[in-house]
Amino acid sequence: MTAKLKIYNTLTRQKENFEPINPPHVGLYVCGPTVYSDVHLGNVRSFLSFDIVYRYLSFLGYKVRYVRNITDVGHLVDDADSGEDKIAKKARLEQLEPMEVVQKYTNGFHDVMRLFNILPPSIEPTATAHIIEQIEMVKKILDKGFAYESDGSVYFDVRKFNESHPYGKLSGRNIDDLMANTRSLDGQDHKRDPLDFAIWKRAESSHIMRWPSPWGEGFPGWHLECSAMSTKYLGAEFDIHGGGMDLKFPHHDCEIAQNIGATGKSGPRIWMHGNMLTVNGRKMAKSEGNGFTPEELISGNHKLLEQGYSPMTVRFFMLQCHYASTLDFSNEALRAAEKGYKRLMDAIDGLEGLEPSGKSDFDLAALQAACAEAMNDDFNTPILISVLFEAAKIARQIQSGDRSCSEEDLTGLRSLFDDYAFTVLGFRKLEESKGKEEELTPGLMDLILKLRHSAKLSKDYATADRIRNALQEMGITVKDTPQGSEYKID
RNA sequence: GGUCACGUGGCCGAGUGGCUAGGCAGAGGUCUGCAAAACCUCGUACAGCGGUUCGAAUCCGCUCGUGACCUCCA
């Protein structure tokens, strides 16, 4: 069966049949985090969206090279030359070395990704480790005449570029509109045109992160790293580039300009943009201060949270919404997700010890087809989940004997859940209940031993022994002491 | 101000010209020693106003509302 995957391409504003440039290989680049603070839920949603893309492409049999960068050269905090490197600023605040900040938050980022079962990329390049590549790219852009040097900085010449290529095509902007809205910023004297953007910046004396270059000491421009690293690892032309909606302009449009400026090719064929997570209708963002950390999420210790939610509940909650739509966070919705997720998992779990019962009276092939169809339609996870609920209902009915199922279809049903719930959607099996079960053990044992104790008191030794023997079989040794019963789990 | 999205039943969210989305909550029922779970049934929702059409939540126009981007941001 050939997959007919369709992906919405921001560039063409329509769903397109996915045809890799070099099948079975697929190049996927995703804009990663800037590691100067803790990631929040909004960030998680974005990386989760592309985790699904990565998982599904892999599931279809493609050999995916998934590149997701770590931005460890801070973009500028303030406008233009007065700006201070984000990382350097944080370093001063916390009195750490810049790279110490980078390491700290990179570690934190990885922890969060693991928590939500978001797979690591094939390559996770850092900007600071690719300064040479970025300098080379600046040189190429200069050579082709799409940039100029000015006072130790190099700027991309947007007007010149626009003569031959439409600048702002991705985000649907044109130069004249942009001009009409350009703010007059301080320290832009060195630019020929307000629209121009830096691809190499001269480092002021106070700037901590700096590297030597043909134009003096400085650091790479805002948008350059993604162009340099995607070109290096995926080529001048590759399949998919993803990122958050908020990166469309200027970041991604600048990337395209840089790619063409340096290589003559625009880079990715398909641009995918994940939408925002909102809180009370507003984008969750570092600058809004309405985000929360995973610790707060799990503990529920945050003013926006009425209770704690497990990572898988959150994963399920997010996947119930299409990646291209905004998703509004609310406790009510999260609680609904928690229940729904548990019900789905219970149904899947119930399939474990089931015996086949004659001929199937349901259409497994139709379910499988519906799953594939959902994912092939631009990774429509909400529809996939609705199909999984249908399958779960059938699973429960088989369990309760209201439906029959052949051995073949039972296996098929199990692998349907394995494929789509676990491999593609990346849910973790029974994560919650396992933790809970361990917590419960002391209480349960106490209860059981008390029941046994009262049996002994009433000289019902048959029951007392039955309990002890049964526990022994489960690997729990009960020892009666003068102080009472003790137990040990082998 | 410019550009672009979006507005679906109590809540969250698919769909995008005619055929049940789904989940959560709610109502009734079956089952059950009780309770829970499970199963069955139940909502004539598509911001408003016009238009196109045999037929529109789905296409077009206008109005209202919300948001994103235009500055670092997933």
Listed pairs under 3.5 Å, donor-acceptor, residues 353-362 of chain A side chains, sequence neighbours left out:
| from | atom 1 | to | atom 2 | distance (Å) |
| --- | --- | --- | --- | --- |
| A:S357 | OG | A:C405 | N | 3.0 |
| A:S360 | OG | A:S406 | N | 2.8 |
| A:S360 | OG | A:S406 | OG | 3.2 |
| A:S360 | OG | A:D409 | OD2 | 2.7 |
| A:D361 | OD1 | A:S404 | N | 3.3 |

Side chain of A:R13 only, heavy atoms from C-beta on: which candidate in B:G13, B:A74, B:C4 is closest? B:C4
Give the rounded distance in Å between these two atoms: CG of A:L170 and P of B:C70. 13 Å
Short side-chain N/O contact from A:K248 to OP1 or OP2 of B:U3, under 4.0 Å: no
For B:G43 and B:A36, measure between their C1' atoms and round to the nearest Å. 26 Å
Rounded to whole angstrom, note down the C1' distance from B:G13 over to B:A57. 15 Å
Under 4.0 Å, counting only non-hydrogen atoms across every strand here, what does A:R396 touch: a base, just sugar-phosphate, or nothing? sugar-phosphate
What is the separation between atom CE on A:M245 and atom P on B:A68, rounded to the nearest whole Å? 12 Å
Which pairs count as salt bridge (Lys or Arg N to Asp or Glu O under 4.0 Å) when at least one residue sits in residues 303-330 of chain A, sequence neighbours excluded? A:D51-A:R315, A:E306-A:R335
Output the single nucleotide from B:A74, B:C40, B:C72 whose closest atom is nearest the side chain of A:L247. B:A74
Is there any side chain to side chain donor-acceptor pair (under 3.5 Å) pair reaching into residues 388-401 of chain A, and which pairs are they, with sequence neighbours excluded? A:Q397-A:R403, A:S400-A:D402
Between C1' of B:G67 and CG of A:N275, the distance in whole Å: 9 Å
Winner on side-chain proximity to A:K393, out of B:A74, B:A14, B:C39, is B:C39
Partners passing side-chain hydrogen bond (donor to acceptor under 3.5 Å, both in side chains) against A:N9 (at least two apart in sequence or in another chain): A:E16
A:H322, nearest nucleotide to its side chain (from B:C40, B:A68, B:A14): B:A14
Counting Watson-Crick and G-U wobble pairs with both distances under 3.5 Å, what is the dot-bracket string for RNA chain B, 5' to 3', using [ ] for crossing pairs and | for pairs to another strand? (((((((..(((.....[...))).(((((.......)))))....(((((..]....))))))))))))....
Rounded to whole angstrom, note down the C1' distance from B:G26 over to B:G17. 33 Å
B:C69 phosphate, OP1 or OP2, under 4.0 Å from A:K283 side-chain N/O: yes
Pairs in or reaching into residues 97-113 of chain A: which pass salt bridge (Lys or Arg N to Asp or Glu O under 4.0 Å), with residues at least two apart or in two chains? A:E94-A:K104, A:D111-A:R114
To the nearest Å, how far apart are A:I175 CD1 and B:G2 P? 19 Å
A:D72 CG to B:C72 P, straight-line distance once rounded to whole Å: 18 Å
At under 4.0 Å between heavy atoms, what does A:L388 touch on the DNA or RNA strands: base, sugar-phosphate, or nothing? nothing
Quick one: A:K15 NZ to B:A14 C1', roughly how many Å, whole number? 11 Å
Looking across every strand, which nucleic acid part, if any, lies under 4.0 Å from A:S325 by heavy atom: base, sugar-phosphate, or nothing? sugar-phosphate
Rounded off to whole Å, could you give me the CG-to-C1' distance for the A:D253 and B:C70 pair? 11 Å
Pick out the pairs of N or O atoms, protein on one side and nucleotides 19-25 of chain B on the other, that lie under 3.5 Å.
| from | atom 1 | to | atom 2 | distance (Å) |
| --- | --- | --- | --- | --- |
| B:C24 | OP1 | A:R343 | NE | 2.5 |
| B:A25 | OP1 | A:K339 | NZ | 2.7 |

Quantified in whole Å, what is the P atom distance between nucleotide B:G18 and nucleotide B:U71? 42 Å
Under the side-chain hydrogen bond (donor to acceptor under 3.5 Å, both in side chains) test, which residues partner A:N380, sequence neighbours left out? none
Carboxylate-amine/guanidinium proximity below 4.0 Å for A:D418 and A:R414: no
How far, in whole Å, is B:G9 from B:A25 if one measures between their C1' atoms? 12 Å
Rounded distance (Å) that lies between atom P of B:A74 and atom CD1 of A:I118: 14 Å
Going by atom types alone, do A:Y8 and A:H322 pair a side-chain donor with an acceptor below 3.5 Å? no
Restricting to ring pair (Phe, Tyr, Trp, His ring centres under 6.0 Å), what partner residues turn up for A:F146, sequence neighbours left out? A:F161
Heavy atoms only, 4.0 Å cut-off, all strands: where does A:M276 land among base, sugar-phosphate and nothing? base
Considering only atom C1', compute the distance from B:C46 to B:C11 and round it to an integer number of Å. 16 Å
Taking only N and O in the side chain of A:Q399, is any of them less than 4.0 Å away from OP1 or OP2 of B:A37? no
Identify the heavy atoms of A:Y309 and A:N331 that sit nearest to each other, and give their distance. OH-OD1, 2.8 Å
Looking at CE of A:M113 and CZ of A:R68, how far apart are the two atoms once the value is rounded to the nearest 0.5 Å? 6.0 Å
Please measure how far the C1' atom in B:A45 lies from the corresponding atom in B:C40, and state the result in whole Å. 24 Å
With C1' as the reference atom in both, quote the distance from B:G10 to B:A68 in angstrom, rounded to an integer. 28 Å
Starting at the 5' end of RNA chain B and moving along, which residue's nearest nucleotide shows up first, A:F317 or A:P33? A:F317
By side-chain hydrogen bond (donor to acceptor under 3.5 Å, both in side chains), A:H110 pairs with (sequence neighbours left out) A:E124
Listing time: all N or O pairs from protein to nucleotides 63-66 of chain B that are below 3.5 Å?
none

Hey, is A:D378 close enough to A:K6 for a salt bridge, meaning N to O under 4.0 Å? no
Partner set under side-chain hydrogen bond (donor to acceptor under 3.5 Å, both in side chains) for A:R173, not counting sequence neighbours: A:S171
Closest approach to the side chain of A:C321, judged atom by atom: which nucleotide of B:A14, B:A74, B:C40 is it? B:A14
